[in-house]
Amino acid sequence: MSGNIVGAVCIGFLFGVLLRSFAFIAWPVALFCAFVGVLALIYFFFDKRTTILFVGVACIACGGGILRMDAARLVADPVLQERLNEKVSLVGMVTAEPDVREHGVRLHVEASQLFQGSTTVPVAARVLVVAPL
């Protein structure tokens, strides 16, 4: 039976990740899934059917998967977002070892300032710079 519970956790979690990957599902939906799972577990104590246990555990895990994907969402810096397809200069610090490849070097840069013309704007973004050898 414990193997089946682990399977219910895995299936529920993966289903939550899949749902959040393809559709925008906010955290209240995840909390609702977990709430339904808790209700199913409470009902399991009165009616000892294992199907109810597995559904409850899977619902709680589904809510966890949705929350996990919601937390991993990438949000672009709005200052950089509005300057797409424009030439700008960034000031920052290289935060990882350079990744030397056959046709160039990849640098992970933590940008702190953006220069465009005579304007300086503070930014907080990580940028991948692909530079020639």
Side-chain angles (χ1 to χ4, degrees):
M1 181 160 131
S2 65
N4 292 336
I5 292 176
V6 171
V9 169
C10 291
I11 289 172
F13 188 81
L14 290 176
F15 186 71
V17 167
L18 183 74
L19 276 177
R20 180 59 179 91
S21 295
F22 291 113
F24 178 72
I25 299 173
W27 62 268
V29 176
L31 293 181
F32 179 73
C33 286
F35 179 69
V36 169
V38 169
L39 288 179
L41 291 180
I42 290 171
Y43 184 70
F44 171 73
F45 287 112
F46 298 110
D47 186 4
K48 298 291 185 188
R49 284 188 267 172
T50 57
T51 306
I52 297 170
L53 174 67
F54 297 139
V55 167
V57 168
C59 284
I60 293 171
C62 180
I66 292 170
L67 287 176
R68 166 64 181 98
M69 286 301 290
D70 197 47
R73 177 175 44 128
L74 295 176
V75 178
D77 188 290
V79 174
L80 293 176
Q81 190 74 25
E82 66 187 36
R83 288 178 172 81
L84 284 176
N85 297 322
E86 296 179 15
K87 288 194 177 204
V88 296
S89 298
L90 292 172
V91 173
M93 183 179 295
V94 177
T95 58
E97 289 290 321
D99 182 10
V100 180
R101 303 220 175 165
E102 185 176 335
H103 298 292
V105 179
R106 294 174 183 242
L107 302 167
H108 296 269
V109 176
E110 185 95 24
S112 59
Q113 290 181 340
L114 179 135
F115 294 106
Q116 186 174 26
S118 62
T119 308
T120 303
V121 180
V123 294
R126 285 186 235 141
V127 181
L128 179 63
V129 176
V130 180
L133 286 172

Kindly compute the distance separating [atom1] ([X]) from [atom2] ([Y]), expressed to the nearest 0.5 Å.
{"X": "Leu67", "Y": "Trp27", "atom1": "CG", "atom2": "CH2", "result": "9.5 Å"}
{"X": "Ile60", "Y": "Cys33", "atom1": "CD1", "atom2": "SG", "result": "10.5 Å"}
{"X": "Ile11", "Y": "Cys62", "atom1": "CD1", "atom2": "SG", "result": "12.0 Å"}
{"X": "Leu114", "Y": "Glu86", "atom1": "CG", "atom2": "CD", "result": "9.5 Å"}
{"X": "Ile5", "Y": "Thr50", "atom1": "CD1", "atom2": "OG1", "result": "9.0 Å"}

Does atom NZ (Lys87) have a neighbourhood of more than 12 heavy atoms from anything else shown, all under 6.0 Å?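 Not buried by this count: 12 neighbours or fewer within 6.0 Å.
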Count the heavy atoms of every other residue, nucleotide or ligand shown that sit under 6.0 Å from CD of Glu82, and state whether that count exceeds 12.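 Yes, the 6.0 Å shell around CD holds more than 12 heavy atoms from other groups.
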Between [X] and [Y], is there shared hydrophobic-cluster membership here, with clusters defined by ILVMFWY side-chain heavy atoms closer than 4.5 Å?
{"X": "Val121", "Y": "Leu90", "answer": "yes"}
{"X": "Val127", "Y": "Val94", "answer": "yes"}
{"X": "Tyr43", "Y": "Leu41", "answer": "yes"}
{"X": "Phe13", "Y": "Met69", "answer": "yes"}
{"X": "Phe15", "Y": "Val29", "answer": "yes"}

Check whether Thr120 reaches the backbone of Phe115 with its side chain - one donor and one acceptor, N or O, closer than 3.5 Å.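 Checked: no pair found.
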At their closest point, which heavy atom of [X] faces which heavy atom of [Y], and how far apart are they?
{"X": "Ala26", "Y": "Ile66", "answer": "O-CG2, 4.3 Å"}
{"X": "Pro98", "Y": "Leu107", "answer": "CB-CD2, 3.6 Å"}
{"X": "Gly63", "Y": "Ala30", "answer": "O-CB, 3.5 Å"}
{"X": "Val105", "Y": "Pro132", "answer": "CG2-O, 4.4 Å"}

Is the Lys NZ or Arg CZ of Lys48 less than 6.0 Å from the centre of Phe45's six-membered ring, within 45° of the axis?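 Judged by the rule (NZ or CZ under 6.0 Å from the ring centre, within 45° of its axis), Lys48 is not positioned above Phe45.
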With the side chain counted from C-beta on, respond yes when [X] and [Y] share a heavy-atom pair under 4.5 Å apart, and no when they do not.
{"X": "Phe54", "Y": "Asn4", "answer": "yes"}
{"X": "Val129", "Y": "Arg106", "answer": "no"}
{"X": "Val100", "Y": "Leu133", "answer": "yes"}
{"X": "Ile52", "Y": "Asp47", "answer": "yes"}
{"X": "Thr95", "Y": "Val109", "answer": "no"}

Yes or no on side-chain contact (heavy atoms from CB on, under 4.5 Å) for Arg20 and Asp70, after CA distance, side-chain angles and deciding distance? CA-CA 7 Å; Arg20 180 59 179 91; Asp70 197 47; 3.1 Å; yes
Salt bridge (charged side-chain N to carboxylate O under 4.0 Å, His left out) contacts touching residues 119-133 (sequence neighbours left out):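 Residue pairs with at least one partner in residues 119-133: Glu110-Arg126.
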Between Arg101 and Asp99, is the closest basic N to carboxylate O distance under 4.0 Å?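 Answer for the salt bridge query: yes.
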